[in-house]
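Data block below; observations after.
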Amino acid sequence: MGRKRCVGDCSKMAAGCCGVKKQKLSSSPPSGSGGPGGPHCSGESQCRGAELGLGGSGSGPGVSQRVNGLGCGNSLSPGCGTLSPGCGNGLSPSSRKMVVSAEMCCFCFDVLYCHLYGYQPPRTPRFTNDPYPLFVTWKIGRDKRLRGCIGTFSAMNLHSGLREYTLTSALKDSRFPPMTRDELPRLFCSVSLLTNFEDVCDYLDWEVGVHGIRIEFINEKGSKRTATYLPEVAKEQGWDHIQTIDSLLRKGGYKAAINNDFRKTIKLTRYRSEKMTMSYTEYLSHRQHHHFQNGIGHPLPPYNHYS
């Protein structure tokens with residue numbers, strides 16, 4: 001966008017963005033914030049639609065943060081195997097191979113299914129185990145309402161990271177009760193891998209629909225706060241740069257008046273993501289064809305039980 005970027009060690013920020021060893025994140029706008037001046041939403045502390053905003057808690061050594069990620073809007077991905085637009089490592093999708101895959105969504109479903117039914121956890125998957133910051137998002141029903149979304153900016157090996165955040169997002173998102181067996185047939189699972197972290201000097205130096213943003217700011221009480229939205233959030237909500245920043249400040253707990261002078265004090269990091277989404281029906285179909293290859297050690301769920 002032609003603006004100057006700050007020079008900094010982005011890899012350190014990606015691995016531990018608030019000075020904590022592991023940061024759990026959940027990325028949604030706060031309850032009742034459909035954007036600046038927007039309508040109120042149903043839900044608990046945050047509501048659906050904007051996938052992955054850091055949950056606005058204080059930061060510092062020894063503080064573990066969770067980030068929830070959906071605002072008040074429609075579904076973020078049209079269907080199975082869909083990558084978010086403008087994602088990747090700075091190259092066009094046609095010029096690089098995507099890391100995220102349908103097998104990752106299947107693995108998340110396997111982990112949740114085994115947990116809910118008391119089976120042994122699924123064996124080690126065959127997709128890459130490279131480390132990435134990641135989010136796991138669950139939606140439910142035809143209108144794809146948010147059901148859970150938690151992730152981390154710390155780069156985690158994908159096998160253990162997806163295993164951990166599958167259950168964390170399904171069972172420990174404070175906005176929702178733990179998932180139950182009865183909900184499985186209506187679930188959609190999304191895996192987002194975060195890449196290309198860049199510190200920027202200008203809080204407007206990012207592109208709607210391409211970059212996710214993470215902000216740090218000092219609140220009215222002098223405490224450092226953080227918040228994040230995934231790349232798809234602003235575009236899905238129809239927000240411009242200012243509306244997104246202001247919504248993110250509110251999500252992070254800032255309650256005072258917001259003006260341009262305060263926005264200029266924000267420390268902003270932009271990033272990109274790769275995203276894959278799969279429905280439970282697609283998961284069942286995939287597992288029927290890849291049952292033994294994927295090392296699933298439990299019976300396939302009977303169709304009549306979930307119809």
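With no hydrogens or angles considered, no side-chain donor-acceptor pair links Asp110 and Tyr119 at under 3.5 Å. One side chain, Thr277 or Ser190, offers a donor N or O that lies under 3.5 Å from an acceptor on the other. For the residue pair Thr128 / Asp130, a side-chain donor-acceptor distance below 3.5 Å is found, with atom types taken as modelled. Under the 3.5 Å distance criterion, with hydrogens and angles disregarded, a donor-acceptor pair is assigned to the side chains of Tyr229 and Ser247. Inspection of the Ser285 and Gln288 side chains reveals no N or O donor paired with an N or O acceptor under 3.5 Å. No hydrogens or angles considered: a donor-acceptor pair under 3.5 Å links the side chains of Tyr283 and Arg287.
When side chains are defined from C-beta on, Cys105 counts as touching Met276, because their heavy atoms get closer than 4.5 Å. Asn129 places none of its side-chain heavy atoms less than 4.5 Å from the side chain of Thr124. Side chains of Asp205 and Glu198 form no contact here, defined as non-hydrogen atoms less than 4.5 Å apart. Residues Val136 and Cys189 form a side-chain contact, since some pair of their non-hydrogen atoms from C-beta on lies under 4.5 Å apart. Within the 4.5 Å cutoff, side-chain heavy atoms of Leu230 are placed close to those of Leu194. At a threshold of 4.5 Å between non-hydrogen side-chain atoms, the residues Met156 and Tyr165 count as touching. The shortest side-chain heavy-atom distance between His115 and Leu171 falls under the 4.5 Å cut-off. Between Val111 and Leu167 the shortest side-chain heavy-atom distance falls below 4.5 Å.
Here the shortest heavy-atom pairing between Leu249 and Phe262 reads CD2-CE2, 3.8 Å. Listed here is the closest heavy atom pair of Pro178 and Glu183: O-OE1, 4.2 Å. When all heavy atoms are compared, the tightest approach of Val99 to Tyr132 is CG2-OH, 3.2 Å. Residues Ser192 and Glu232 approach most closely at OG-OE2, 4.5 Å, considering heavy atoms.
The aromatic rings of Trp138 and Phe109 stand perpendicular to each other, their planes meeting at an angle above 60°, with 30° marking the opposite boundary.
Under the 3.5 Å distance criterion, the side-chain polar atoms of Arg163 are matched with a main-chain donor or acceptor of Pro122. A donor-acceptor contact shorter than 3.5 Å is absent between the side chain of Arg270 and the backbone of Phe197. Between the Gln237 side chain and the Ala234 main chain, no donor and acceptor come within less than 3.5 Å of each other. Between the side chain of Ser223 and the main chain of Asn219, no donor-acceptor pair closer than 3.5 Å is present. Within the 3.5 Å criterion, the main-chain N or O of Ser160 finds no donor-acceptor partner in the side chain of Asn157. The backbone N or O of Gly161 sits nowhere less than 3.5 Å from a side-chain atom of Glu164 that would complete a donor-acceptor pair.
Of the inter-residue distances, the one linking Phe217 atom CZ with Thr265 atom OG1 reads 9.5 Å to the nearest 0.5 angstrom. Here Phe107 contributes atom CZ and Thr166 contributes atom OG1; the two are 7.0 Å apart, rounded to the nearest 0.5 Å. Residue Ile215 holds its CD1 atom at 6.5 Å from CD1 of Ile213, rounded to the nearest 0.5 Å. In this structure, NE2 on His211 lies 7.5 Å from CG on Asn196, to the nearest 0.5 angstrom. Distance CD1/Ile245 to CD1/Ile258: 9.5 Å, rounded to 0.5 Å. Between the SG atom of Cys108 and the CD atom of Glu103 there is a distance of 12.0 Å, given to the nearest 0.5 Å.
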Practice task
Quick one: do Thr137 and Ser169 satisfy side-chain contact (heavy atoms from CB on, under 4.5 Å)? Show the steps, please.
Solution key: CA-CA 7 Å; Thr137 302; Ser169 59; over 6 Å; no

Practice task
Could you go through the side-chain contact (heavy atoms from CB on, under 4.5 Å) check for Leu184 and Leu116 one step at a time?
Solution key: CA-CA 9 Å; Leu184 274 171; Leu116 292 178; 4.0 Å; yes

Exercise for the section: Starting from the C-alpha separation in whole Å, work towards a yes-or-no answer on side-chain contact (heavy atoms from CB on, under 4.5 Å) for Arg186 and Arg145. Expected result: CA-CA 10 Å; Arg186 298 181 289 136; Arg145 303 182 309 279; 4.2 Å; yes

Practice task
I would like to know whether Leu162 and Leu134 meet side-chain contact (heavy atoms from CB on, under 4.5 Å); could you show each step before the answer?
Solution key: CA-CA 8 Å; Leu162 290 177; Leu134 60 92; 4.2 Å; yes

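A side chain to side chain contact (heavy atoms under 4.5 Å, CB included) with Leu187 holds for exactly one of Met179, Lys139, Met278; it is Met179. Remark: of the listed residues Leu268, Val200, Thr269, Leu268 is the sole one forming a side chain to side chain contact (heavy atoms under 4.5 Å, CB included) with Trp206.
Following chains of ILVMFWY side-chain contacts shorter than 4.5 Å, one cannot reach Tyr254 starting from Ile218, and the two form parts of different hydrophobic clusters.
For Phe188 and Tyr280, the ring centers sit 6.0 Å or farther from each other. Between Phe127 and His159, the distance separating the two ring centers is shorter than 6.0 angstrom.
For Arg263 and Asp246, the salt-bridge test passes: some basic side-chain N is under 4.0 Å from an acidic carboxylate O. A salt bridge does not link Arg225 to Glu216: none of the charged side-chain nitrogens sits closer than 4.0 Å to a carboxylate oxygen. Classification of Arg272 and Glu274 as a salt-bridged pair fails, no side-chain N sitting under 4.0 Å from a carboxylate O.
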